[in-house]
*Asks:* 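Submitted below is the structure of interest, expressed as structure tokens.
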Amino acid sequence: MQRFVMPDRPDHICCPTCNGTVFQRVVFTRADGSRVTTALFSCANCTIVCLDPVALTRAFEDRPKARRPPSSSPAIQAWSKINQRRRERE
């Protein structure tokens, strides 16, 4: 199986699943034994498949970052404040 390393920008290519930097062409064998090279690329480390590794990297880098939820629920935060005041009184 032929590995395809993107020579023009290897540091800009990163698999969003496993952070791999090596992509290879998808090649399959037909029933008659002939091999077909497709226009698809797959990550050498995991199973993600795409048409353009550079576009895939940019799509995942440019997506909005998820907001982190608060570390605890409002009820737990209120309870901890009550306990803190109780400790201060003691």
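Sequence positions, counted from 1, serve as the residue numbers for this chain.
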*Asks:* Taking side chain to side chain donor-acceptor pair (under 3.5 Å) as the test, write out the residues that go with Thr47, two or more places apart.
*Replies:* none
*Asks:* Side chains of Phe28 and Arg35: does their closest heavy-atom pair fall under 4.5 Å?
*Replies:* no
*Asks:* Any side-chain to backbone donor/acceptor pair from Thr57 onto Cys14? Under 3.5 Å, distance only.
*Replies:* yes
*Asks:* If I compare all heavy atoms of Ile13 with all of Thr21, which pair ends up nearest, and what's the gap?
*Replies:* O-CG2, 3.3 Å
*Asks:* In Å and rounded to the nearest 0.5 Å, what is the CZ to CZ distance from Arg25 to Phe41?
*Replies:* 3.5 Å
*Asks:* Suppose we screen for side chain to side chain donor-acceptor pair (under 3.5 Å). Which residues come up paired with Asn19, at least two apart in sequence or across chains?
*Replies:* none
*Asks:* With clusters built from Ile, Leu, Val, Met, Phe, Trp and Tyr whose side-chain heavy atoms come within less than 4.5 Å, directly or transitively, what are the remaining members of the cluster of Leu51, listed by chain and number?
*Replies:* Val26, Leu40, Val49
*Asks:* Quick check for you: to the nearest 0.5 Å, what is the distance between Cys15 atom SG and Asn45 atom CG?
*Replies:* 7.5 Å
*Asks:* Are the side chains of Pro16 and Ile48 in contact, using a 4.5 Å heavy-atom criterion?
*Replies:* yes
*Asks:* Just do the side chain to side chain contact (heavy atoms under 4.5 Å, CB included) check on Val27 and Thr38 with the steps written out, would you?
*Replies:* CA-CA 6 Å; Val27 179; Thr38 65; over 6 Å; no
*Asks:* Give the minimum heavy-atom separation between Cys43 and Gly20, together with the two atoms involved.
*Replies:* SG-CA, 4.4 Å
